[in-house]
Amino acid sequence: MKLLVVGADGQLGSDVVRLLSPTVEVTALVMDELDVTDRAGLRQAVESVRPDVVVNCAAWTAVDRAETEQDAAYRVNVLGAANVAQAARRVGARVVYFSSDYVFDGTATQPYDEDAPTGPLSVYGRTKLLGEQATREANPDHLILRLAWLYGRSGHNFVRTVLRLARTKDQLRIVDDQVGCPTFTEDVVHQLWTAIEEDCSGTYHCVNTGRASWYGFATHIVHRLGLNIGVIPIQTVDYPSPARRPAFSVLADRKFDLEQLNVMRPWEDALDDCLLRYREELSHD
Ligand SMILES: NC(=O)c1ccc[n+]([C@@H]2O[C@H](COP(=O)([O-])OP(=O)(O)OC[C@H]3O[C@@H](n4cnc5c(N)ncnc54)[C@H](OP(=O)(O)O)[C@@H]3O)[C@@H](O)[C@H]2O)c1
């Protein structure tokens, strides 16, 4: 099997390439080599590689900046998604698109399953929802995985932010009234591979199990790494940001559960695994 990964040096893309390369033939293209908004270039690249699966890891992920740079976010998350899906279809390949818990409005009291009504609160969330729709329309052979609160061993993420702040501050003020599913990129790659091998198609939720607030997520990191810093819970209103975020965006991996294909662990176990790497980094500081 041949995989083409676009947006291959992002947080998730780099793990897809690193973890799947030993198993399958992977061609990895980063933004400088292939811009997903360049439809002709994309077609040419896909036609030359002729992959079985195109994994679209390219995305505009600056949630707050999307509020003022709507066109730029739309170009990558929607037009880019359509371009990737169409190019894959032309060579008979499956396309994988990653979406987000931010397609929901956060008013639910129970975890969202795949059929729950969407209602994004932000430009980013709207572009991810439109990106899903564009992918479905452009290529019937699609797999859409909705992820949430992603962190990995590399890239910009909440774990790294907590570590950085712990070096310069003696107290962290972290939002406690937004609840979601911290999710480890490596677990997403394992679930992705299972889904590809099992020929899953359609839209699936793919998050580590359980739930946490950002405050709960931060305290877990601080305790496990033994960081010398206090963590104070605050409310969203005390930390104003340009984009509105859902208060409750817990996802249920219901379809993977029903199909007995769910390989996602409790979020605390996945985070502990990832923190081993950060602990090594700290010990070298
Ligand atoms: N991060 C989260 O918490 C989270 C939560 C839910 C869902 N997701 C979704 O999960 C997926 C992976 O997220 P991530 O955290 O890995 O994102 P990321 O680290 O921001 O990676 C995105 C990658 O896309 C590349 N890119 C941007 N514009 C491009 C373009 N026009 N053409 C080609 N490549 C382009 C970026 O390159 P440059 O770095 O050079 O710009 C980067 O390598 C995304 O679809 C995201 O929406 C993320």
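All values below come from the heavy atoms of this structure, side chains included, with hydrogens, waters and symmetry mates left out. Read the numbers this way: they start at 1 and go in the same order the structure lists the ligands and their atoms. For this chain, numbers begin at 1 and follow the sequence in order.
Heavy atoms of Tyr124 come nearer than 4.0 angstrom to ligand 1 in at least one pair. Contact between Cys57 and ligand 1 is present, with at least one heavy atom of the residue lying under 4.0 Å from the ligand. Ligand 1 lies within reach of Leu34, whose nearest heavy atom is under 4.0 Å from it. Taking 4.0 Å as the cut-off, Ser99 counts as a neighbour of ligand 1 on heavy-atom distance. Within the structure, the closest approach of Val6 to ligand 1 does not fall below 4.0 Å when heavy atoms are considered. Heavy-atom distances between Trp60 and ligand 1 stay at or above 4.0 Å for every pair. In this structure, Gly80 has no heavy atom closer than 4.0 Å to ligand 1.
Not a single N or O atom of Ala148, backbone or side chain, sits closer than 3.5 Å to an N or O atom of ligand 1. Not a single N or O atom of Asp101, backbone or side chain, sits closer than 3.5 Å to an N or O atom of ligand 1. Taking any N or O of Leu147, backbone or side chain, none lies under 3.5 Å from an N or O belonging to ligand 1. By the 3.5 Å distance cut-off applied to N or O atoms, Met31 is not counted among the residues near ligand 1. Between Phe98 and ligand 1, a contact under 3.5 Å exists for at least one N or O pair.
A salt bridge is absent between Arg224 and Glu268; no separation between the charged side-chain nitrogens and carboxylate oxygens falls under 4.0 Å.
Among residue pairs with one or both ends in residues 244-254, those qualifying as side chain to side chain donor-acceptor pair (under 3.5 Å) are Asp64-Arg245, Asp101-Ser249, Ser241-Arg245; sequence neighbours excluded.
Here the protein heavy atom with the shortest distance to atom 16 (O) of ligand 1 is Leu12 N, 2.8 Å. The protein atom (non-hydrogen) at minimum distance from atom 36 (C) of ligand 1 is Ala59 O, 4.5 Å.
Between Phe158 and Tyr151, a ring centre-to-centre spacing not shorter than 6.0 Å is recorded.
Here the side chain of Gln235 pairs no donor or acceptor atom with the backbone of Asp177 at under 3.5 angstrom.
Here atom 25 (C) of ligand 1 lies nearest to Ala58 when heavy atoms of Gly125, Pro182, Ala58, Gly155 are compared.
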